[in-house]
Each structure stands twice: as structure tokens, then as C-alpha cells.
Amino acid sequence: MPLLTQHIQDENDQYSLVASLDNVRNLYTILKAIHFRDHAACFATKNGIKVTVENAKCVQANAFIQAGIFQEFTVQEESVTFRINLTVLLDCLSIFGSSPTPGTLTALRMCYQGYGYPLMLFLEEGGVVTVCKINTQEPEETLDFDFCSTNVINKIILQSEGLREAFSELDMTSDVLQITMSPDKPYFRLSTFGNAGSSHLDYPKDSDLVEAFHCNQTQVNRYKISLLKPSTKALVLSCKVSIRIDNRGFLSLQYMIRNEDGQICFVEYYCCPDEEVSESES
């Protein structure tokens, strides 16, 4: 057991949040998947930590790291929230290098005393301990996309390799990605409108890549590719993706990511539809 997980209970009582990991890469990888802005809001409850990144009030990414991922996880209050520079946090988590040395793990102990205090990171590898203090700020109010499962019209669960293939084939000179979901043909279609003309990629509902298909009515929505691009970081790491669209055309992409220890984490992206497109165009 790493030195960092040997602790005295009394010491924990002064902290609002204490979390320990034997393998820091399990946290680093999931945070890297939502790193498309410098700052993030962190929300910790007894169930785990949610880290939220937003851009232009149009897209929001949430990483969920369940309490069970950590070897030790204590939250003294009902919820602990703070804003942090995610770029700095990732730099600190990879202070011993971002690619692991075979047979060597970096352990992490993360402590936060409460409002106004820095986030303390104790990183240990091979008996060497590095201490990092990262200033925290008061979190700004995060967007409420009001994405409710009861308002979801259509939902598809895909194996991620199918979507990775699609993103590599589609014309990314297009400003928008058009998503068609329908109970009838073409069932699930991705379309782009780039310099080389329009291109479409169809998935039949009985495709080997489609794990679940629940479409109630035909929906055609467009989303700015610039807003969707950050989500490809999570797509690369994931094994499955759930694609949901609600009655307003808001898109939810939920990625299931298996870490190095075989545990499951989730990253979810919300994206608002591109309102500049008229119905006649689609």
C-alpha cells in the first residue's frame, strides 16, 4: 500500500474533502477527456466528484468519478464545491510524467480544507513525494441544460468504434453536423455539408454497432462541429456512447469509459442545437 494511504483519522477531520488513489492516471485520463477550457467547477458529494467545463453557454461537459473509484473518499459536508484551473491541475497530476513507467504507479492523495483554501495534492512515486497547492475560486453558476430523461424523444446506444469511424470519415470542413434519428429509414444518419459537398453516413438499427435503438419520432437537428469537436477526446477513450435528443433538439452524448483498473466512469456532453438553420433547409 502506498505511503499516502497510511494516514491518521484525526488529520482527515480538518478537511472537507479527502480522496486517495493508488493510480493517478485513473483520474488524469478522465479529466483530460473534458479539458477544452482552462477552468472547471468541481462538485463533491458522498457519491463522488463531478467536474464541469463549459463554453459559450452552448456546450457543457461533465466528468463523473464515482466514490468507488477511489481507495479512500471522505466528504465531511453535504456537498463541497470550488472552481479550479483544470490546466494546472492536469499538469500537477502528470508531474511524474503522463505516460506510465512499466511497473510503476503514481499514488495521489487529494485534500481540500474548504472555502478559500487551496486544493492540496500529495503525489508519490517510488518513495518520492511531491506536494502541490492549487488555488481555488468560488464557482460560477453552471448552466442548467434542463436535460430530463422524460423529455428525451430518441435514444441510441452505440459501440464507440462506430462513432470514431464516422468522425474520421465525415467532412470536418463543414460548419455543422446534422443528426437524423428516426423510427424508419435512415434510422440514424450523420450528415455534413463541407467544401466537397454533402456527405451522409447511415447506421441501420440492426447494425452490430447498435446496442439499443429507441426512436419515437423523426428528428433532424444540426449542431456546430466546433462545439462537438471537444467531445472526441472522450470518444477516443470510451467503449460505448449513448446519444440522446430531447424535445427541444438538445443533444446529450454520454461516454462510458473503462479505466486501467477496469472500473467504469462516465463523461457527458450537452450541446444546444444550431438555431440558425430553418426547418426548410433540413
Side-chain angles (χ1 to χ4, degrees), residues 1-5 17-44 47-55 60-75 80 82-112 118-136 160 164 229-239 241 253-269:
M1 183 188 286
L3 299 173
L4 297 183
T5 55
L17 167 69
V18 176
S20 296
L21 273 172
D22 289 346
N23 182 3
V24 74
R25 282 177 55 78
N26 289 338
L27 180 62
Y28 176 84
T29 305
I30 198 98
L31 293 181
K32 193 80 178 157
I34 61 164
H35 181 220
F36 60 93
R37 302 284 285 177
D38 277 342
H39 286 87
C42 299
F43 309 89
N47 298 321
I49 300 174
K50 181 176 86 164
V51 184
T52 300
V53 178
E54 297 179 334
N55 185 18
Q60 181 187 81
N62 296 294
F64 301 94
I65 305 111
Q66 291 95 316
I69 299 288
F70 298 93
Q71 276 68 54
E72 172 196 11
F73 190 80
T74 312
V75 179
V80 174
F82 54 89
R83 187 169 183 257
I84 198 160
N85 187 314
L86 186 56
T87 308
V88 172
L89 175 57
L90 285 166
D91 284 347
C92 292
L93 292 177
S94 59
I95 209 154
F96 286 106
S98 55
S99 46
T101 313
T104 310
L105 295 178
T106 303
L108 165 72
R109 187 144 188 264
M110 188 163 64
C111 305
Y112 175 64
L119 181 70
M120 306 274 292
L121 304 178
F122 301 88
L123 293 129
E124 181 209 356
E125 186 178 296
V128 177
V129 177
T130 299
V131 182
C132 303
K133 290 183 183 180
I134 306 172
N135 288 336
T136 60
S160 296
R164 284 196 288 269
K229 263 185 181 165
S231 77
T232 55
K233 286 183 175 181
L235 176 61
V236 168
L237 297 167
S238 67
C239 48
V241 55
L253 296 168
Q254 191 178 63
Y255 297 99
M256 189 172 113
I257 297 172
R258 189 174 275 111
N259 69 20
E260 290 179 4
D261 295 335
Q263 299 158 312
I264 298 295
C265 294
F266 290 94
V267 167
E268 186 159 40
Y269 276 81

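Note: hydrogens, waters and symmetry copies are ignored here, and every other heavy atom, side chains too, is used. All residue numbers in this chain count up from 1 along the given sequence.
- Pairing each heavy atom of Lys133 with each of Pro118, the nearest pair is CB-CB, 4.2 Å.
- Phe43 places a side-chain heavy atom less than 4.5 Å from the side chain of Thr52.
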Subject >> Residue pair Leu27, Leu108: steps toward the side-chain contact (heavy atoms from CB on, under 4.5 Å) verdict >> reply: CA-CA 9 Å; Leu27 180 62; Leu108 165 72; 3.7 Å; yes
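- Looking at heavy atoms from C-beta onward, Tyr28 lies in side-chain contact with Leu90 at the 4.5 angstrom threshold.
- Within the 4.5 Å cutoff, the side chain of Met110 has no heavy atoms near those of the Ser20 side chain.
- With contacts defined as side-chain heavy-atom distances shorter than 4.5 Å, the pair Ile257/Val267 qualifies.
- The closest donor-acceptor contact from the side chain of Arg164 to the backbone of Ser238 lies under 3.5 Å.
- One finds the CG atom of Leu253 at 4.0 Å from the OH atom of Tyr255 (value rounded to the nearest 0.5 Å).
- For Glu72 and Arg109, the salt-bridge test passes: some basic side-chain N is under 4.0 Å from an acidic carboxylate O.
- Among Val24, Val131, Leu93, the single residue meeting the side chain to side chain contact (heavy atoms under 4.5 Å, CB included) criterion with Leu121 is Leu93.
- Inspection of the Asn23 and Glu260 side chains reveals an N or O donor paired with an N or O acceptor under 3.5 Å.
- Residues Phe266 and Ile30 fail the side-chain proximity criterion, which asks for heavy atoms closer than 4.5 Å.
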Original post:
Do Val128 and Phe96 pass the side-chain contact (heavy atoms from CB on, under 4.5 Å) test, and can you show the C-alpha distance, the side-chain angles, and the key distance before you say yes or no?
Top reply: CA-CA 10 Å; Val128 177; Phe96 286 106; 4.2 Å; yes
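- Results of the side chain to side chain contact (heavy atoms under 4.5 Å, CB included) test with His35 over Val53, Val51, Thr87 single out Thr87 as the only residue that passes.
- Counting only distance, with no hydrogens or angles, the side chain of Gln71 and the backbone of Asp22 share a donor-acceptor pair below 3.5 Å.
- Under the side chain to side chain donor-acceptor pair (under 3.5 Å) test applied with Glu54, the options Arg37, His39, Gln60 reduce to a single match, Gln60.
- Evaluated for a side chain to side chain donor-acceptor pair (under 3.5 Å) with Thr106, the options Glu124, Arg25, Glu125 yield exactly one hit, Glu125.
- Judged by distance alone, the side chain of Tyr269 and the main-chain N or O of Pro230 form a donor-acceptor pair under 3.5 Å.
- Contact between Cys239 and Arg258 at its shortest, heavy atoms only, is SG-NH1, 3.8 Å.
- Smallest separation of non-hydrogen atoms from Cys92 and Leu123: O-CD1, 3.4 Å.
- Residues Leu89 and Leu119 form a side-chain contact, since some pair of their non-hydrogen atoms from C-beta on lies under 4.5 Å apart.
- In this structure, the side chain of Thr232 engages the main chain of Lys229 through a donor-acceptor pair within 3.5 Å.
- Between Ser160 and Val241, the shortest heavy-atom contact is OG-N, 3.8 Å.
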**OP:** Take Asn47 and Gln66 through the test side-chain contact (heavy atoms from CB on, under 4.5 Å) and record every step on the way to the result.
**Re:** CA-CA 6 Å; Asn47 298 321; Gln66 291 95 316; over 6 Å; no
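- Applying the side chain to side chain contact (heavy atoms under 4.5 Å, CB included) test between Asn259 and each of Leu237, Ile69, Thr29, Ile65 identifies Ile69 as the sole match.
- The closest side-chain heavy-atom distance from Phe122 to Cys132 is not below 4.5 Å.
- Ring pair Phe82/Tyr112: centre-to-centre distance below 6.0 Å.
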**OP:** Kindly determine whether Asp261 and Asn26 satisfy side-chain contact (heavy atoms from CB on, under 4.5 Å), including the steps that lead there.
**Re:** CA-CA 8 Å; Asp261 295 335; Asn26 289 338; 2.9 Å; yes
